[in-house]
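Have a look at the structure below, then the notes.
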Amino acid sequence: MAALTPISRKPLSMVLPSVAIAGGFVGMFVGAGQGNVLLGILLGAVLMAGLAWVYIAVLDNERVARWITILGLAAAGYFFAGFTGLVIGLLVGWFFAFFIFWLYEGRYRQKLLPYLTGRQVFGHYLFRVVCGAIFVFLITPILVVLPLSFNAQDFFTFTPEMLRLDPEGYSLKHYEDFFTNNEWQRSFKNSLIIAPIATVISVSLGTLAAIGLSQSHVPGRRAIMGILISPMIVPLIISATGMFFFYSDIGRFLEGTLGMDKNFVGYVKVILAHAVLGIPFVIITVTATLVGFDQSLTRAAANMGAGPVRTFFKIQMPLILPGVISGGLFAFITSFDEVVVVLFVGSASQKTLPWQMFTGLREQISPTILAVATILVVISIALLTTVELLRRRSERLRGLSPA
């Protein structure tokens with residue numbers, strides 16, 4: 001059994017390298033803003049490690065060190081970047097004022113089991129740091145786009161007025177252009193037409209497929225499942241190329257043989273293509289929900305005289321509904337954000353919102369793209385929040401404790 005490790009002060013050989021790594025990570029972002037990432041990493045690591053050594057070896061007064069760090073970095077931030085730098089400096093100063101003495105005093109062990117070894121403690125915090133770093137790298141591009149969408153100028157960069165948080169540097173004109181420009185509104189309406197219909201088809205077919213594949217007597221279930229979810233695995237450009245040839249033949253048949261309108265046929269092709277992309281998400285989420293489904297309920301309903309359709313809508317559907325809705329939301333997001341397949345299968349009449357954004361980036365560099373991107377991010381966050389709430393409801397219905 002490992003000996004108990006009391007909470008005590010740690011040596012500088014452990015504290016200084018840890019503080020230097022954290023300082024280099026923060027300095028990387030500062031250096032990226034100034035155009036020199038490597039210099040930012042080096043200066044951040046040296047500066048923070050030097051401050052930690054002074055505070056521990058010379059000053060040895062946590063309260064004074066805390067105020068020196070917070071006020072010093074806030075003043076430096078204000079000098080280099082104005083009010084925005086002041087806010088960032090305050091936050092960074094508060095973090096390092098806490099982090100240095102949190103390490104030095106050994107407070108990182110307070111909420112851990114006392115018998116954990118040093119390697120186990122290191123692994124515990126390393127896992128959290130890696131997860132946090134991944135989160136930062138994933139969320140940073142979104143955090144950059146959001147404020148840029150309110151830029152009063154037609155630029156894709158932060159203006160001096162924006163950095164000073166001057167109200168004159170911000171405007172809603174890009175959002176106004178989105179809601180008043182005919183090209184943007186036409187593409188937005190196309191997305192609102194295509195995505196819901198494709199979602200309904202995906203949910204209908206995907207739910208039926210998931211229920212069928214959940215039956216133990218179905219032969220070759222794994223092979224069929226692999227084929228049905230292949231659109232998630234195969235590179236999208238390959239799927240789009242195959243869909244182009246396949247739906248071209250269908251389009252010629254509908255137009256030439258049945259005499260359908262060319263524009264209508266174009267919508268049909270895009271909707272079917274997006275439905276194919278959305279079906280795997282529905283199958284996976286509904287199949288996961290059916291794992292905890294009690295099949296004896298359907299047998300009991302059949303014994304009491306209920307037919308298959310009535311059993312499905314009265315017994316199965318209420319219990320698997322969270323999974324069905326979750327799959328539908330994923331299918332909707334996939335269709336609403338998809339651009340590659342539309343470029344191959346659709347025509348100018350079916351130009352969707354992502355297609356219009358792609359065109360804007362390639363041809364005219366319209367800042368309205370930033371406003372549209374922000375709107376799409378908000379929609380995606382709302383839908384993913386709904387998915388998480390449905391996941392928790394599904395776990396409660398199955399008698400599990402939501403994580």
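Along the sequence shown, residues are numbered consecutively beginning with 1.
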From OG (S171) to CD (Q153), nearest 0.5 Å: 9.0 Å
If you compare all heavy atoms of H174 against all heavy atoms of N151, which two are closest, and at what distance to 0.1 Å? NE2-O, 3.0 Å
Minimum heavy-atom distance between Y115 and L113, given as atom pair plus value: OH-CD1, 2.9 Å
Non-neighbouring partners of E105 that pass side chain to side chain donor-acceptor pair (under 3.5 Å), sequence neighbours left out: R9
P196 vs F332 side-chain heavy atoms within contact, under 4.5 Å: yes
Atom pair CG (D60) and OH (Y104), whose distance is rounded to the nearest 0.5 Å: 5.5 Å
Would you call S380 and D337 a side-chain contact if the rule is heavy atoms closer than 4.5 Å? yes
Return yes if some donor-acceptor pair links the side-chain N/O of R186 with the main-chain N/O of K351 below 3.5 Å, else return no. no
Show every ring-ring contact (aromatic ring centres under 6.0 Å, His included) that has at least one partner inside residues 13-47, sequence neighbours left out. F25-F29
Is the shortest side-chain N to carboxylate O distance from K173 to E176 below 4.0 Å? no
Please check: side-chain N/O of Y267 versus main-chain N/O of S349, any donor-acceptor pairing under 3.5 Å? yes
If you look at every heavy atom in F336 and L353, which pair is closest and at what distance? CE2-CD2, 4.3 Å
Hey, are the side chains of L116 and H124 touching, using non-hydrogen atoms and a 4.5 Å cut-off? no
If you measure from OG1 on T386 to CD1 on I381, what distance do you get to the nearest 0.5 Å? 11.5 Å
Inspect the surroundings of OH in Y125 and state if more than 12 heavy atoms from other residues, nucleotides or ligands are less than 6.0 Å away. yes
Under the rule for ring-ring contact (aromatic ring centres under 6.0 Å, His included), what residues qualify as partners of F281, not counting sequence neighbours? none
List the steps, then state whether salt bridge (Lys or Arg N to Asp or Glu O under 4.0 Å) holds for E183 with K189. CA-CA 10 Å; E183 287 293 327; K189 290 177 182 178; over 6 Å; no
Neighbour count >12 (heavy atoms, 6.0 Å) for atom CH2, W53: no
Heavy-atom nearest pair, A210 first then V286, reads CB-CG1, 3.5 Å
CD1/I333 to CG/L383 distance, rounded to the nearest 0.5 angstrom? 4.5 Å
Parallel, tilted or perpendicular for F98 and W94, by the 30°/60° rule? parallel
Which heavy-atom pair separates A198 from I271 by the least distance, and what is that distance? CB-O, 3.7 Å
Could you go through T352 and E338, starting from their C-alpha distance and side-chain angles, then the distance that decides it, and tell me whether this counts as side-chain contact (heavy atoms from CB on, under 4.5 Å)? CA-CA 9 Å; T352 59; E338 203 283 322; over 6 Å; no
Could you tell me which residues satisfy ring-ring contact (aromatic ring centres under 6.0 Å, His included) with F344, sequence neighbours excluded, listed by chain and number? none
Is any side-chain heavy atom of F246 closer than 4.5 Å to one of K269? no
Among residues at least two apart in sequence or on other chains, which ones pass side chain to side chain contact (heavy atoms under 4.5 Å, CB included) with S204? V200
What heavy-atom pair brings V345 and A273 nearest, and what distance separates the two atoms? CG2-CB, 4.5 Å
Would you check if V276 and M243 make a side-chain contact, meaning some heavy-atom pair closer than 4.5 Å? yes
If only atom types and distance count, is the side chain of T285 paired as donor or acceptor with the main-chain N or O of V282 below 3.5 Å? yes
Given 3.5 Å as the limit, does a donor-acceptor pair link the side chain of R66 with the main chain of A97, or not? no
Is there side-chain contact between F122 and T117, with at least one heavy-atom pair below 4.5 Å? no
Could you note down all residue pairs passing side-chain hydrogen bond (donor to acceptor under 3.5 Å, both in side chains) where residues 239-259 supplies at least one of them, sequence neighbours left out? D249-R252
Please step through side-chain contact (heavy atoms from CB on, under 4.5 Å) for the pair R221 and M225, ending with a clear verdict. CA-CA 6 Å; R221 289 188 301 163; M225 175 69 79; over 6 Å; no
Treating Q185 as the side-chain partner and F178 as the backbone partner, does any N or O pair qualify as donor plus acceptor under 3.5 Å? yes
Test item: I68 and L59 side chains (from C-beta on) under 4.5 Å apart, heavy atoms: yes
Euclidean distance, L51 CG relative to I56 CD1, rounded to 0.5 Å: 10.5 Å
Given the rule in the side-chain contact (heavy atoms from CB on, under 4.5 Å) test, do S335 and L277 qualify, once you have shown the distances and angles that lead to the verdict? CA-CA 8 Å; S335 175; L277 297 179; over 6 Å; no
Given side chains that start at C-beta, do those of L90 and I70 come closer than 4.5 Å, heavy atoms only? yes
Would you say the ring centroid of F179 lies under 6.0 angstrom from that of F188? no
Look only at the side chain of Q350 and the backbone of N263, and say whether a donor-acceptor pair between them is shorter than 3.5 Å. yes
Applying side-chain contact (heavy atoms from CB on, under 4.5 Å) to T374 and Y175, what does each step give before you reach the verdict? CA-CA 10 Å; T374 302; Y175 291 90; 3.3 Å; yes
Output for pair (L143 CG, L138 CG), nearest 0.5 Å, gives 11.0 Å
